[in-house]
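Remarks on the structure that follows.
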There are 2 protein chains.
Amino acid sequence: MLIVGEIINTSRRRIAAAVEKQDAAFIGQVAKDQADAGADFIDVNAGTFVDRETEYLCWLVKTVQDAVDLPLCLDSPSPAALSAAVKLHRGEPMINSISLEKDRFDAMLPIVTAQPCRIVALCMTETAMPVTVEERVQAAGELIKRLTAEGVALENIYVDPLVQPVSVDTRMGNAVLDAIKTIMNDFPGVNTICGLSNISFGLPVRRLINSTFLTLCMLQGLSAAILDPTDKRLMENLLSSRMILGKDEYCGDFIDAYQKGIIIKDLN
Amino acid sequence: MLIVGEIINTSRRRIAAAVEKQDAAFIGQVAKDQADAGADFIDVNAGTFVDRETEYLCWLVKTVQDAVDLPLCLDSPSPAALSAAVKLHRGEPMINSISLEKDRFDAMLPIVTAQPCRIVALCMTETAMPVTVEERVQAAGELIKRLTAEGVALENIYVDPLVQPVSVDTRMGNAVLDAIKTIMNDFPGVNTICGLSNISFGLPVRRLINSTFLTLCMLQGLSAAILDPTDKRLMENLLSSRMILGKDEYCGDFIDAYQKGIIIKDLN
């Protein structure tokens with residue numbers, strides 16, 4: 001299970017303020033906190049600053065990689081911003097994201113094929129958000145076909161089935177869970193990734209819902225999640241799910257996390 | 001999801017003490033607490049008192065049904081104790097349990113077929129605890145065949161795949177999860193039930209592991225669980241899993257539980 005730390009996103013007020021002030025110490029600390037909590041990639045997103053996104057995204061790439069020795073998830077719908085950011089990145093980034101929308105696909109393709117990288121591929125249809133399992137699986141198949149035809153390795157594709165809120169339609173949870181399982185079965189070797197938090201939009205106790213949803217996604221074979229690794233409840237569910245699913249030899253990682261205080265001890 | 005409240009079991013020190021003192025007020029309160037927390041059945045088990053099990057189990061049946069208007073899960077390996085207890089029970093009980101072990105099957109069969117009831121059927125082989133998925137599914141098939149041949153309705157059979165600790169063998173979680181799914185698929189109409197807590201035997205933070213395991217079991221289609229309904233973490237995971245899995249229309253039960261304080265509010 002690959003963990004992409006989601007905190008450095010200017011849709012969060014404190015992150016936006018730090019980016020505007022160019023407060024490298026603050027951003028560096030947020031990156032370190034996520035690395036210490038177990039992040040494998042650090043997401044960077046400056047999308048709320050429409051006019052200055054490229055400049056700020058580039059500053060984030062440099063600032064975060066000065067603070068932590070981790071690859072980044074370069075997160076933007078803008079080909080211009082991604083194209084500039086990827087040139088500053090050390091190591092192999094994750095590029096978030098490409099989709100089947102024609103303009104976006106055509107503009108992103110040269111960026112994601114210019115160097116080895118992992119690619120987040122969104123299960124949008126050509127014109128809309130997906131609703132059913134079938135729409136997601138069909139979009140996944142088309143993305144995989146077109147990306148591998150351009151020489152992208154299957155294991156570098158991270159298909160995002162696009163989570164939608166259960167508060168809007170109670171079928172939305174099963175639609176994503178079934179899509180993850182079907183995509184992992186139908187395209188052996190490909191990876192799947194989710195942002196979790198959209199599942200709980202409009203509901204109370206969102207951290208609870210997100211953490212339960214992570215456990216359910218893991219049983220379906222999800223390869224990676226974009227989440228807040230400093231959220232203890234999430235990490236408790238992640239570590240215990242992984243162990244129950246037989247992916248923690250001798251239960252060593254779970255016991256280790258317990259001894260380090262990553263798991264709240266008074267739950268005994 | 002049917003909830004069987006597990007607390008009234010004399011393997012718990014405070015329950016054993018109350019049973020020995022015939023403290024009806026204490027036992028009645030434990031029953032009420034579980035009913036208020038959402039239990040559909042109340043388990044009663046006096047198995048630690050080998051010589052007086054029948055007497056104490058009968059006292060528990062009367063005492064608990066005086067306190068709450070719920071059916072009980074009569075829990076004993078002893079045909080004599082169950083036979084006496086079932087006669088005192090008002091309504092349709094759950095009888096826990098029968099298995100393929102020859103002496104047990106032959107002795108339990110007349111008890112479970114004497115009146116309408118739900119029957120917990122353990123996936124023991126004829127001689128041992130099951131290890132693999134296949135052993136569990138095969139035992140389930142044999143139990144279903146023999147019980148339905150005796151006139152038991154399929155929907156009254158609750159197959160228990162028998163949870164074993166991941167600390168002993170990290171494949172034990174997947175063995176039960178796969179067995180639940182296979183049994184629910186192969187025998188449409190039958191029910192499945194689990195005691196959760198054995199999964200975490202020998203590990204720290206057992207309540208965390210049990211609650212994560214419940215979420216995983218629910219995705220596989222588990223019909224019922226024997227658990228502590230006063231454990232907030234368990235019930236939070238149960239209510240959020242149920243909602244994500246599309247079984248909570250308009251998310252009404254989840255929001256209701258939030259407003260009543262059943263779900264811890266500071267998780268927001």
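The basis for the numbers below is simple: all heavy atoms, side chains too, and nothing from hydrogens, waters or symmetry mates. Chain identifiers are assigned alphabetically (A, B, ...) following the order of the sequence lines, protein sequences preceding nucleic acid strands; residue numbering begins at 1 within each chain.
Heavy-atom pairs under 4.5 Å with chain B peak, among M172(A), M243(A), M218(A), at M243(A). With chain B as the partner, the residue from L216(A), N237(A), I199(A), V166(A) showing the most heavy-atom pairs under 4.5 Å is L216(A). Ranked by heavy-atom pairs under 4.5 Å with chain B, the list C251(A), S167(A), S211(A), G173(A) is led by C251(A). Comparing T170(A), I255(A), D169(A), L219(A) by heavy-atom pairs within less than 4.5 Å of chain B, the highest count is held by L219(A).
A salt bridge is absent between R233(B) and D231(B); no separation between the charged side-chain nitrogens and carboxylate oxygens falls under 4.0 Å. Here D256(B) pairs with K260(B) in a salt bridge; the nearest charged N to carboxylate O distance falls below 4.0 Å.
Put simply, the residue from V176(B), L214(B), L227(B), I226(B) that forms a side chain to side chain contact (heavy atoms under 4.5 Å, CB included) with C194(B) is V176(B). Checking D75(B), L122(B), I193(B) one by one against S97(B), the side chain to side chain contact (heavy atoms under 4.5 Å, CB included) holds for a single residue, L122(B).
With a threshold of 4.5 angstrom between heavy atoms, Y250(A) approaches chain B through N, CA, C or O but not through any side-chain atom. Heavy atoms of L177(B) lying under 4.5 Å from chain A belong exclusively to its side chain. Using a 4.5 Å cut-off between heavy atoms, D248(B) touches chain A through its backbone atoms (N, CA, C, O) alone.
Between F49(A) and T10(A) the shortest side-chain heavy-atom distance falls below 4.5 Å.
Summarising the geometry of V159(B) relative to V190(B), their closest heavy-atom pair is CG2-CG2, 4.0 Å, with the distance given to 0.1 Å.
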